[in-house]
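To start, the structure itself, in structure tokens.
Order of the sequence lines fixes the chain letters, A, B, ..., with proteins taken first and strands second; residue numbering starts at 1 for each chain. This one's a predicted model, so the numbers in the text were calculated from it and none came from an experiment.
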2 protein chains.
Amino acid sequence: MIILQVFEQAKAGAAAAGLTERQGAVLERALGLLVEGGERALTTAGVARAANCSKESLYKWFGDRDGLISAMITYQAGKVRTVEVSAGALTAETLRKHLLAFARDLIDVLSGDVSLALNRLAIGQASREGAGLGRLLQERGRRQISRRAAALLEAGRKAKLLAFDGADEAYGTLYGLIVSDMHLRMLLGENAAALKNEFSPRAEKAVDAFLTLYGAKG
Amino acid sequence: MIILQVFEQAKAGAAAAGLTERQGAVLERALGLLVEGGERALTTAGVARAANCSKESLYKWFGDRDGLISAMITYQAGKVRTVEVSAGALTAETLRKHLLAFARDLIDVLSGDVSLALNRLAIGQASREGAGLGRLLQERGRRQISRRAAALLEAGRKAKLLAFDGADEAYGTLYGLIVSDMHLRMLLGENAAALKNEFSPRAEKAVDAFLTLYGAKG
DNA sequence: TGCGTACCGTACCGTACGGTTCGGCAACCT
DNA sequence: AGGTTGCCGAACCGTACGGTACGGTACGCA
């Protein structure tokens with residue numbers, strides 16, 4: 001079973017990024033500003049005011065605004081842990097359950113408002129400044145979840161319940177079946193909760209479709 | 001057969017949006033700036049300089065910066081026409097060819113640099129200002145292509161080559177199988193050409209998978 | 001008691017942007 | 001010729017932001 005746990009306390013993310021608790025709290029407020037008002041609301045003065053700290057401290061801790069943003073990403077990523085509970089012997093039924101849990105977790109992660117805000121921020125910066133933040137977000141955020149999925153798929157293949165050549169390609173198919181254009185529409189501003197309610201029931205069908213495509217026959 | 005034609009001349013997009021040729025040329029330069037440098041490069045002074053026009057004219061024509069951006073979106077949308085060539089009687093083979101052509105066209109559209117730049121822009125604005133630009137982009141851009149796909153799917157069902165309940169859901173599946181996370185990764189700054197080369201060969205497999213899922217048996 | 005450290009709050013500076021105004025020029029009408 | 005229109009280029013204005021500097025304060029330590 002794959003579980004995504006989100007620790008809401010500042011401690012977890014801060015500790016994961018090697019920051020003090022105070023700095024984590026500041027990043028938490030910064031994330032709040034970003035979620036609430038987008039990139040325009042993420043000003044150094046605004047963060048300082050919201051977090052009751054001085055701009056001087058912000059620059060001492062994070063270097064500059066980009067450093068602050070990078071710290072926000074790694075801090076947020078540190079709050080999300082993917083914990084794999086060894087599943088013992090996979091059966092067709094447990095595999096399906098695990099895939100379904102993964103699908104729901106994936107939808108939850110993608111539709112989270114902090115995740116959406118950070119993705120919007122990174123996408124906005126992608127054009128003007130290489131792909132620095134994009135890579136960071138990809139590496140610290142989704143790579144983990146995709147690795148867990150890859151492990152699950154591999155276990156399914158080992159148990160002769162799945163048949164595929166490339167694990168990456170199979171994962172891409174699973175992802176596409178689950179997410180479709182949901183993520184993009186959320187990023188473009190469509191009501192995230194409504195879209196989540198629209199796509200969550202489809203998770204089951206997506207998993208069934210995936211098993212139809214990649215399930216070992218017999 | 002569904003064909004996406006992109007008219008590169010300013011005339012087509014301008015005429016479609018009810019603008020003069022000169023104004024279309026200005027929007028073309030503005031799009032160029034946006035593609036090259038992202039939102040930060042899209043300043044009123046910059047557009048005026050690049051297009052050899054005055055800021056006064058910009059504000060007379062487009063109202064304000066947001067009006068300019070909206071005009072850019074509708075102008076760009078006006079350049080892309082989806083033309084449906086009636087396919088006569090569908091066979092399993094022609095349906096597959098049409099689906100494949102649609103898949104390739106979809107990948108082409110999504111990986112276009114102007115499309116990527118406009119999507120980044122709309123996503124960046126989504127957080128701070130409702131979903132105005134996002135809706136506009138969705139409405140003028142992708143709705144058309146999705147309607148064409150829906151028509152194709154409907155034709156396939158009429159010909160008893162496809163079996164599905166909801167056309168929207170079937171289209172969502174097709175879209176997910178083709179695109180997976182390609183679009184998001186491009187938006188985040190990954191090399192678009194490389195990703196396109198990675199996903200184009202998979203279009204065939206995506207169509208086959210779709211036919212496996214929704215093809216009428218027998 | 002004195003000193004260093006870390007921090008807050010505020011003021012400040014340079015720059016850049018959105019938007020407005022104005023002088024000037026060319027074309028077009030009458 | 002004189003007036004109107006449309007446009008350019010440049011100057012201008014108010015604002016907001018990133019980044020820096022400074023005075024003041026609480027706390028730890030000798």
Enclosure of A:Glu36 CD (heavy-atom neighbours >12, cutoff 6.0 Å): no

Closest heavy-atom pair and its distance - A:Gly172, B:Ser180: O-OG, 2.8 Å

Euclidean distance, atom CD of residue A:Gln125 to atom C1' of D:dG18 [Å, nearest integer]: 13 Å

Length of the CG-P vector between A:Leu58 and C:dA6, whole Å: 16 Å

Nucleotide of D:dT20, C:dC8, D:dC8 approaching A:Ser57 most closely (side-chain heavy atoms): C:dC8

d(CG, B:Asp66; P, C:dG19) in whole Å: 7 Å

Gap between atoms CD and P, on B:Glu56 and C:dC22 respectively (whole Å): 11 Å

Phosphate contact (D:dA10 OP1 or OP2) by B:Ser54 side-chain N/O below 4.0 Å: no

Candidate nucleotides D:dG23, C:dG18, D:dG19, ranked by approach to the side chain of A:Asp64 - the nearest: D:dG19

Length of the line joining B:Arg40:CZ and C:dG18:P, which is rounded to integer Å: 10 Å

Interatomic distance where NZ belongs to B:Lys55 and P belongs to C:dC22 [whole Å]: 15 Å

Integer-rounded Å distance: C:dG19 C1' and B:Phe62 CZ: 16 Å

Sugar-phosphate only, base, or nothing, as touched by B:Arg49 at under 4.0 Å among non-hydrogen atoms: nothing

Nearest-Å distance for atom pair CG/P, residues B:Leu42 and C:dG19: 12 Å

Phosphate-side-chain proximity, A:Trp61 and C:dA6, N/O vs OP1/OP2 below 4.0 Å: no

Presence of salt bridge, A:Glu169 and B:Lys205, under 4.0 angstrom: yes

Ion pair check, A:Glu39 and A:Arg65, cut-off under 4.0 Å: yes

